[in-house]
Amino acid sequence: MNLWLIAWRNLKRRKLRTFLTIFSIVIGVASALAVMTSVDSAKRAFPLYLKAAFGKADFTINGTDAYFEQELLQDVQGVGGSTAIALLKENTKLHSEKKGLSAIQKRVDLTGFSRLDTDLTNFKVKEGKLTDGGAVITDRTAKAWNAKVGDTITFDTDEGSRTIRISAIVGYTVELMGPSSWTMAKYHPWSVAIPLPIMQEWFGLSGKIQNIQVKAEQSGDMAAIGRQLDELTRSHGDIYAQPVVVDYKTQFKELNTYFLLLYLAGFLGVALGAFIIFNTLIVSVQERKQEFAALKTIGYTPRQLRAFVLYEVCLLAVIGTLIGLVLGWGLAQLLQMVIFMVFGIHDQGTLDLAKGLLVAIPAGTIVPLIAALYPVRQAGKVSVVASLKSHDAASNGSKSPRKWPALAGGVLMLSAFFIKSLLLFVPFLLGAVLVFPFLFDLINRLIRPLYRSGLGFSGAMASRNLSRSRGRTTMTSVVLCLGIAMILLMSSLNSALIQSFEKVIHATYGGNLDVHLHHIEDTDLQQLREIKGVAGAETYPLHTAIWTLNGEKRQLSVYGAGEAWIDSFPLFTVQEGSPGDLLGKLRDDEVVLDQIAFGAWGGRVGDRVVLDTPEGVREFQVVAVVETMKNNGYGAFMRKSQFQKVFGIKYEKNALILKDESVTPLQLRERIFERFGSRIEEMFGPEDWVSVIGASYTGSFSIINFLVGLSILISGIGIANTLLMNIMERIRELGMMRAVGVTRRQVVRMIQLEGIGMGLTATISGCVLGTMLIYMTSSFMEIRSLTFAFGISWVILLVIFLFGLLVSLISSLGPAARAAKTPLSEALRYE
Amino acid sequence: MIQLSKVSKVFALEAGAFTALKDTDLHIGRGEFIAIMGPSGSGKSTMLQLLGGLDLPSAGQVSVDGVALNKLNEKERTLFRRTKVGFVFQNYQLLPMMTVAENVALPLAANRAPKEEIKDTVNRLLREVGLEDKASRFPSQLSGGQQQRVAIARALAMKPRLILADEPTGNLDRKTGEGVLQLLTRLNREEQITIVMVTHDEDAAKAASRIIQIRDGEVVQSTEGVLA
């Protein structure tokens with residue numbers, strides 16, 4: 001006898017149920033594969049990308065003034081075993097006849113390279129030649145400008161119009177990062193590379209450069225090259241060399257927490273799929289008790305009966321896994337694309353399927369088999385006498401849920417309150433599953449009066465039916481409940497974090513606008529203060545110092561702030577006193593760290609931190625820890641005068657602006673742009689920062705919510721599945737009801753109300769559990785050193801509540817229609 | 001009261017078409033107690049379902065009280081069943097999660113009858129079938145005979161003029177079955193309710209005033225019962 005064939009026929013007997021069960025396995029496998037693969041690929045690709053994008057050079061040489069002499073390049077090129085190029089950057093405007101473009105959309109960052117064809121730029125040529133002496137643009141820019149090799153481009157510089165021919169179009173690269181369209185050009189300037197001599201000539205900077213990039217030909221030579229460069233820069237006095245540090249940890253500080261949440265969402269998909277399989281099989285065995293009993297009477301052993309069911313599970317698992325892997329592959333690509341986009345990685349990356357397959361295949365095969373263990377055992381244990389005698393599968397449902405599991409669940413949930421990490425999810429969710437039958441009963445009792453008195457005959461019947469087949473109904477509802485709890489947590493976390501960020505960003509931005517100029521000249525500050533609508537302006541220096549944490553070189557932004565103005569332009573907040581007092585008291589060898597840098601450093605207040613300065617390695621005593629979101633919250637502060645002594649950098653690039661009531665933030669920007677034009681590299685306000693952070697977090701959470709949403713979809717399938725099973729089990733009952741005059745509409749409404757009842761209880765419990773999770777996570781969770789206050793947005797709660805109800809309503813439509821369509825004569829004949 | 005004119009019912013099966021009833025003509029008068037007999041698959045249950053509007057004939061017409069059932073739409077047929085017909089099934093078809101009283105009240109509740117009316121009717125019917133003390137029990141707490149009496153009480157809830165009973169004694173022992181038949185006979189005699197009963201049991205059929213024999217979808221004999 002071919003057991004596979006029999007299993008297949010059995011599955012075909014209940015086509016819709018089989019489809020829904022396979023679908024739940026598919027979703028579980030797909031989300032497991034997608035999460036594992038995309039996270040794994042991202043973990044592997046991000047550092048490589050950073051290294052490729054920002055780590056092409058090994059050393060960078062800068063001046064203490066805005067420019068320094070080009071002659072130095074020859075000296076640097078004399079350092080054995082290295083390649084070096086010189087760079088000069090200026091801002092300008094594109095000359096374009098295109099109508100409707102604002103001046104902001106025409107901004108261009110021009111970079112002059114002493115050579116364009118070295119490993120230090122590593123331009124990937126798509127068209128043309130790098131050595132033809134013309135301009136180099138990326139394919140994105142070429143597309144937006146509708147330009148090709150040989151076309152000319154003109155810039156409006158302060159010295160007049162300058163035209164150059166395009167000699168090469170290259171692939172998108174960090175050196176030439178720019179917008180992809182004219183619309184996006186409102187937010188980011190275009191980038192063009194040209195030969196250095198042309199650049200110097202255009203801007204009247206003959207013999208001047210701004211930066212030298214050095215690359216060691218062999219990594220083993222790095223230390224020696226570093227030493228030679230130090231000697232060289234020291235002998236010149238007005239320049240300094242720094243190693244290029246690709247600070248993966250600083251750039252992606254929150255990535256691990258985020259990946260953990262993603263894993264959790266993927267795990268939820270697999271777990272919920274397992275629930276559905278368990279559920280389906282329990283009913284299937286229940287339904288076929290008489291068949292099994294009959295088989296037993298003719299000599300089948302319990303083991304043989306178990307094999308019948310096991311073959312079905314295997315078939316379901318194999319089909320579901322195969323489809324799930326295909327779907328998961330597509331989903332993984334999509335997820336990877338979104339993750340890369342959210343974290344600003346401009347790289348396609350390749351999908352690393354190995355680890356994903358290693359998890360997804362067992363998720364689709366072993367997990368269903370484990371979920372099937374109990375139902376399979378039940379098939380073997382069917383009692384012949386009891387089964388052949390009894391025709392009524394349904395009970396009157398008067399039994400209450402068992403107390404011991406619920407008590408154990410309560411203890412597990414309680415224990416979660418004492419765990420101050422995301423691991424609390426394990427006991428909490430497990431406990432919730434055990435307690436849920438009680439919650440279900442309780443909420444069901446609460447909504448019963450509404451059902452019985454407000455929703456007529458169908459409501460009264462639905463209310464009774466909800467208490468029947470409690471095991472199956474609660475098991476289905478708990479899936480939706482957990483999904484709702486998770487999505488509520490994630491959405492609230494998202495909104496609470498953004499609110500916390502917003503508060504700190506506004507409190508520590510140092511005014512209403514940070515204007516980043518190429519370099520600030522003597523009269524600039526006065527000019528800024530004279531602009532109408534500007535209530536105050538101050539400039540500050542910023543230097544990216546290198547420090548070593550746990551043996552790894554990392555970057556640290558050091559700010560120089562005036563003790564006289566910091567209270568009006570707060571760049572950080574302090575627990576006691578004012579920022580001005582704190583800075584005023586700083587000695588030359590003292591520094592203030594922000595919370596994140598302090599946490600990464602791992603020392604204590606009073607300890608000494610070592611920074612690599614242009615003057616060599618120096619120690620500073622950390623005297624206070626402050627809170628800031630400036631530069632994404634990772635930096636150190638000192639007095640401006642102290643900064644200049646320590647770093648010897650004589651020029652500044654940033655100006656902080658306070659606006660008065662007469663202007664809007666946009667008007668302020670327009671007026672500053674009118675005055676400084678293309679000299680402005682960037683203007684960024686706290687609201688921009690909030691929207692950047694908000695978009696990044698909302699993007700990240702959207703991915704998680706999408707996965708949790710998939711789980712909720714599975715729970716919708718579960719509801720549909722359960723209702724279908726209920727209908728099949730009660731088909732004679734439904735037939736009888738129709739026979740005694742219950743209309744088709746009343747039956748449809750009854751089934752729909754059963755579905756909504758399941759959804760309602762699950763949604764209410766999910767909201768309660770979700771609120772508890774928000775409370776627990778708010779007590780310990782820190783993202784970028786920010787905690788978030790416990791709170792729930794009523795809008796989020798309402799949206800999620802309605803979503804839960806909608807899922808249950810939609811899930812009940814199919815079963816209700818099916819119940820209504822069942823021919824009466826068949827329903828009454830059904831045995 | 002009931003008129004079957006040239007009624008045929010054909011079922012499409014995988015193995016081909018199966019004719020359950022062939023060109024059947026039959027008249028059942030008001031207040032008759034009819035027993036329909038025949039071997040398995042002869043078409044007797046099909047005939048009962050057609051009489052109750054549970055199914056429609058493939059050809060011909062079924063009229064009850066002058067109303068052609070095939071002219072009614074789905075909802076009208078449901079309302080016809082609710083108000084004009086009472087059903088009694090072999091396996092009682094009581095809802096296990098409802099008490100005896102609630103089961104009896106089911107058609108009244110579907111008809112949105114006032115609570116007081118439901119209460120009075122249920123009490124009266126339970127008294128009538130001798131189960132007034134079992135109102136709050138669940139079906140699983142009753143014997144088979146008692147469950148069938150609950151089903152009969154439910155069939156009477158909307159005061160139908162026609163009761164269609166499909167093997168009402170099929171699941172009962174002889175003595176209990178006799179009790180159920182006596183109840184049906186009393187309803188037929190005292191309240192002039194027309195009863196059409198499908199049965200295999202010749203003794204049960206003796207309770208009827210007329211016995212109709214069906215074979216292979218055709219009425220082959222119609223005889224007066226012993227009680228006629």
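Letters go in sequence order (proteins before strands), and every chain restarts at 1.
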- Item | Contacting moiety of B:Glu102, where chain A heavy atoms sit under 4.5 Å | side chain

- Query: Counting a contact as any heavy-atom pair under 4.5 Å apart, which residues of residues 63-77 of chain B contact chain A?
  - Reply: B:Glu74, B:Lys75

- Approximate separation, where rounding is to 0.5 Å, of B:Leu94 CG and A:Glu733 CD: 10.0 Å

- Message: Restricting to non-hydrogen atoms, name the atom on B:Arg82 and the atom on A:Val742 that form the minimum distance, rounded to 0.1 Å.
- Response: NH2-CA, 4.3 Å

- side chain to side chain contact (heavy atoms under 4.5 Å, CB included), paired with B:Thr78, selected from A:Val740, A:Thr743, A:Val747: A:Thr743

- Determine yes or no for a side-chain-to-main-chain donor-acceptor pair under 3.5 angstrom, with B:Arg81 supplying the side chain and A:Arg738 the backbone. yes

- To the nearest 0.5 Å, how far apart are CG in B:Leu95 and CG in A:Leu734? 9.0 Å

- Task: Considering only heavy atoms, give the residues of residues 109-127 of chain B separated from chain A by less than 4.5 Å, sorted numerically, with 'none' for an empty result.
- Result: B:Ala109, B:Ala110

- Query: More than 12 foreign heavy atoms under 6.0 Å from CZ of A:Arg745: is that the case here?
  - Reply: no

- Query: What closest approach, in Å, do B:Phe87 and A:Ala739 show between heavy atoms, and which atom pair accounts for it?
  - Reply: CD1-O, 3.3 Å

- Message: If you count every heavy atom of other residues, nucleotides or ligands that lies below 6.0 Å from B:Asp25 atom CG, does the total exceed 12?
- Response: yes

- Query: What pair of heavy atoms forms the shortest contact from B:Gln93 to A:Met736, and how long is it?
  - Reply: O-CE, 3.2 Å

- Message: Taking atom CZ as the centre, does B:Arg161 end up with more than 12 heavy-atom neighbours from other residues, nucleotides or ligands that are less than 6.0 angstrom away?
- Response: yes

